[in-house]
Amino acid sequence: MMLRAKNIWVVGGDPRQAALAALLADDGHSVHTYALERGEGTRCEPSLAGADRADCVVLPLPAAGAEGRLNAPLSAREHRLAQVLDALRPGQLVCAGMAGAELERMAAERELLLRDYFAREELAVLNAIPTAEGAIQIAMEELPITLHDARALVIGFGRLGRALAPRLRALGARVWVSARRYEQRAAAEGMGLGSEGPDRLADWLCSYDLVFNTVPAPVLGVEELAALKEGALVIDLASRPGGVNLEAAAALGVRVIWALSLPGKVAPVTSGRYIKDTVYHIMEELDL
C-alpha cells in the first residue's frame, strides 16, 4: 500500500529508522531526518525547523531513551524528547514505538495526536519473523552442536513462539513448547511439536540443549536454572524485564544471552519496511 506524497519527518532511532527514511523517500514522499547523522545514506536536518509542517513525525522504537532523552544512538549528540515535541504543532500526528506513559503524558500536554505503532498487531506479528531468525542465528553461533537433532524448548507460544518453533523444527531440531493455555499447546501439537504445561518446568528442563524464553515475566528462576543440563544455552527473547534471573544464572554458571531488539540488529531494512507499512495504516485510518 502507498499513500499520496506526504511530508514526513523521521526523528532519532537506529538503523531501522535510517532504512525507514530511505524507503519512504523511495515511495515518493518528502522525507526529512533529524538525529540520525550516523545512519547510512541519511542527510539530516540541522534543526527541527519545519517539523511542525509535517503530515507525520515518526519517532523511534523505543521512542524514549534514559532520563527523558530521545532514543537516538545514531545521533552525534543527545536530544531531549521534550524539546522534540515542543517543535511540533497541536493536533500533529506523531507515530512512536513503545510510547510509554511519560511520552503519552507529554504528548497530551502539547495536544499532539500520538499513535504507538509498536502496539499494532500487524507489526507485532511481522516483527516476530526477524526476531526468530536472529535467535536462530545466535544459537547457531553459540552452540558447539548443530541445531539438527538438538533438543530445544520454546517457552511461550504467542506470536514469537509460533514464528520460532516451526523454524527450529525445519532445521531438524527436536522442539517442545511450554505454554500455559491448552489451546496453545494444542496448536503446537498440531504443528508436530511436543508440548508441556509450565507448572512443573523444573522437572523436565534437564533434557534440553537449548532453551528460548519469549515470556516477559519471571520464568527461569533459581530452581529452573539449576535443573538445566550442563552446557545448555538459554536465549531470552523477552522484552524488559525479561524472563530469566540473570544473577542466579551467573552464580550457577548457566550461559544466558538476553537478545533484545533483534529486528533492528539482524534485519533493519525489513524492520524499517514493517514500520513504514504500519505508519501507512495509521495515516490511512486517520484519512491523512
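- A cation-pi arrangement, defined by a distance under 6.0 Å to the six-membered ring centre and an angle within 45 degrees of its axis, is present between Arg240 and Trp258.
- Note on Lys265 versus Asp14: no salt bridge recorded, every NZ/NE/NH1/NH2 to OD/OE distance being 4.0 Å or above.
- When the options Val177, Leu237, Thr131 are evaluated for a side chain to side chain contact (heavy atoms under 4.5 Å, CB included) with Leu164, the one that passes is Leu237.
- Salt bridge annotation for Arg105-Glu109: present, with a cationic side-chain nitrogen under 4.0 angstrom from a carboxylate oxygen.
- By the 4.0 Å N-to-carboxylate-O rule, Glu285 lies close enough to Arg120 to be salt-bridged with it.
- Residue Met140 places its CE atom among 12 or fewer non-hydrogen atoms of other residues, nucleotides or ligands, all under 6.0 Å distant.
- Using a cutoff of 4.0 Å between basic side-chain nitrogens and carboxylate oxygens, Asp199 and Arg180 are scored as salt-bridged.
- Not one N or O on the side chain of Arg185 forms a donor-acceptor pair closer than 3.5 Å with the backbone of Arg181.
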Evaluate the side chain to side chain contact (heavy atoms under 4.5 Å, CB included) criterion for residues Asn7 and His32: first the C-alpha distance (whole Å), next the side-chain angles of each, then the deciding distance (0.1 Å), finally the verdict.
-> CA-CA 8 Å; Asn7 179 356; His32 304 263; 3.3 Å; yes
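- Electrostatic pairing of Arg159 and Glu121 counts as a salt bridge here, judged by a charged N lying under 4.0 Å from a carboxylate O.
- Taking CG of Leu205 as the reference point, atom CG of Leu220 lies at 6.5 Å (rounded to 0.5 Å).
- Sparse packing is recorded around CZ of Arg169, with 12 or fewer heavy atoms of other residues, nucleotides or ligands lying under 6.0 Å away.
- Remark: Glu111 CD is loosely packed, at most 12 non-hydrogen atoms of other residues, nucleotides or ligands lying under 6.0 Å away.
- Aromatic rings from His281 and Tyr117 are positioned such that their centres are separated by 6.0 Å or more.
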